[in-house]
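Order of appearance sets the numbers: ligands from 1, and atoms from 1 within every ligand. Only a predicted model underlies this, so the values are computations on that prediction, with no experimental measurement involved.
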Amino acid sequence: MENKLENRKRKSWKIFYRKLLAAAGVSLFLTGCGAAHIRQQSAVDTAMGTIVSQTLYVRQEGEQEETETADIMRILTQLEEQELSWRSADSEVARINALAAGETEEGSVVVSMSPSMREILTQIWQISSDSQGALDVTLGRLSRLWNLDELAAGETEVSIPGQEQIQSAMRDVGYERVRLAEEALELPPGVQLDLGAVGKGIACDRISAYLCDSPQITGAVVAVGGSVVTYGQKPDGSPWKVAIMHPREEGKYLGVLTLTGEHYISTSGDYERYVTVDGVRYHHILDPATGVPARSGLCSVTIVCDSGLQADALSTACFVLGPEQGLALAQSYGAEALLVEENGTVHMTEGMEKIFSPDEQR
Ligand code: AMP
Ligand code: MG
């Protein structure tokens with residue numbers, strides 16, 4: 001199939017630069033003057049295929065080495081390489097996928113899983129069920145077929161899959177055909193997991209566990225791509241400010257969230273990873289019901305709640321569901337939501353109205 005490309009390869013440096021600006025945007029709002037004995041540590045780095053921007057406030061006694069931001073980077077790298085990434089051969093997800101891809105005479109493949117993976121998948125399956133499959137991490141074959149993460153980074157030639165290929169990949173998608181037992185996962189052969197929709201949120205949960213275990217850290221805000229965790233407080237007592245990117249105006253903000261204490265914020269948008277072919281935007285959030293990028297009328301969804309995994313899972317699910325059903329799903333989880341339609345209409349939960357200020361009011 002021949003496609004006239006409007007946006008040829010999107011150069012990876014351009015993407016990197018844009019993300020760096022976004023990350024810097026988050027940290028810009030976070031700088032503040034610290035009390036004498038509390039030092040601010042800031043770092044911008046990459047992990048999990050995205051920019052990680054950290055600002056930590058650390059109580060310091062004497063001349064101690066600053067190790068906290070490096071500790072957090074190590075936690076993220078381990079999470080990706082040992083647990084979540086289907087690309088890292090040694091991760092638990094890659095092991096599950098390899099076994100599920102193998103030949104079998106039986107109707108299903110049974111693979112063991114760690115208690116932590118069981119906990120993660122149990123939470124995901126609940127949200128999949130509550131969203132009628134709008135979130136479905138068994139779409140690994142489909143997401144690899146579209147390959148939008150790499151496409152958007154300009155690493156491969158753009159080729160939009162045909163209907164037959166999409167239908168074939170969709171035969172191996174279906175969270176409801178996977179059974180979660182106590183220590184094992186039972187899945188139809190061919191099913192492939194892709195935890196991309198929840199990975200950065202899980203990362204925020206792990207960061208939070210580290211922060212809680214580190215009494216010297218009095219406050220922190222860490223952004224792992226579109227997922228952010230806030231924790232504790234700033235030395236001057238002022239609230240955290242987390243900027244939400246404008247989905248259509250590059251480098252601009254839609255507005256700012258004002259938060260105190262611990263929160264998890266995740267944004268899913270069609271502007272993060274996409275290519276435009278013949279005037280059509282192909283982005284990285286797929287509708288498991290159709291096998292193509294979700295066209296729910298939304299271009300950005302931000303969720304604020306008290307769990308990283310939940311915030312990330314809900315932002316993806318709500319994006320696929322669209323404004324009405326998306327808002328209802330978020331509310332059923334007691335989460336705050338901000339949904340932006342392609343025509344610019346913004347929908348918010350009541351709680352979101354209290355913490356969100358549009359850009360012009362800043
Ligand atoms: P996010 O940016 O958190 O919305 O997650 C998008 C990523 O999750 C994509 O890059 C895919 O790897 C994966 N994904 C896309 N659509 C879905 C979906 N409907 N359910 C689960 N995972 C998805
Ligand atoms: Mg997500």
Between S88 and S91 (side chain of the first, backbone of the second, donor and acceptor by atom type, cut-off under 3.5 Å), is there such a pair?
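Such a contact is absent between S88 side chain and S91 backbone.
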
Please check if the side chain of D205 supplies one atom and the backbone of L309 the other of a donor-acceptor pair under 3.5 Å.
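Yes; at least one donor-acceptor contact below 3.5 Å.
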
Under 2.8 Å from the Mg ion (ligand 2), is there any N, O or S atom belonging to K200?
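So K200 does not bind the Mg ion (ligand 2) by this criterion.
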
May I ask you to check if any N/O/S atom from T316 comes under 2.8 Å of the Mg ion (ligand 2)?
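For T316, the answer is yes, given that an N, O or S atom comes within less than 2.8 Å of the Mg ion (ligand 2).
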
N/O contact list for ligand 1, threshold under 3.5 Å:
from: ligand 1; atom 1: 2 (O); to: H284; atom 2: NE2; distance (Å): 3.0
from: ligand 1; atom 1: 3 (O); to: A197; atom 2: O; distance (Å): 3.4
from: ligand 1; atom 1: 3 (O); to: D312; atom 2: OD1; distance (Å): 3.0
from: ligand 1; atom 1: 3 (O); to: T316; atom 2: OG1; distance (Å): 3.1
from: ligand 1; atom 1: 4 (O); to: S268; atom 2: OG; distance (Å): 2.6
from: ligand 1; atom 1: 4 (O); to: T316; atom 2: OG1; distance (Å): 2.7
from: ligand 1; atom 1: 8 (O); to: A197; atom 2: N; distance (Å): 3.1
from: ligand 1; atom 1: 10 (O); to: D149; atom 2: OD1; distance (Å): 3.3
from: ligand 1; atom 1: 12 (O); to: D194; atom 2: OD1; distance (Å): 3.3
from: ligand 1; atom 1: 12 (O); to: D194; atom 2: OD2; distance (Å): 2.7
from: ligand 1; atom 1: 16 (N); to: L286; atom 2: N; distance (Å): 2.9
from: ligand 1; atom 1: 19 (N); to: A134; atom 2: O; distance (Å): 2.9
from: ligand 1; atom 1: 19 (N); to: L286; atom 2: O; distance (Å): 2.8
from: ligand 1; atom 1: 20 (N); to: D136; atom 2: N; distance (Å): 3.0

Just to verify, which of V221, T69, V44, V222 counts as forming a side-chain contact (heavy atoms from CB on, under 4.5 Å) with T55?
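Going through the options one by one, the only one that passes is V221.
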
Given V320, which of S131, S296, P288 fulfils the side-chain contact (heavy atoms from CB on, under 4.5 Å) condition?
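Passing option: P288.
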
Compute whether any side-chain donor of one residue and acceptor of the other, for E183 and S112, lie under 3.5 angstrom apart.
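The answer is no; no qualifying pair exists.
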
Check the side chains of H347 and E324 for a donor-acceptor pair under 3.5 angstrom, ignoring hydrogens and angles.
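No, H347 and E324 have no side-chain donor paired with an acceptor closer than 3.5 Å.
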
Does V58 reach the side chain of E66, with side-chain heavy atoms less than 4.5 Å apart?
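Heavy-atom side-chain distance check fails, nothing below 4.5 Å.
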
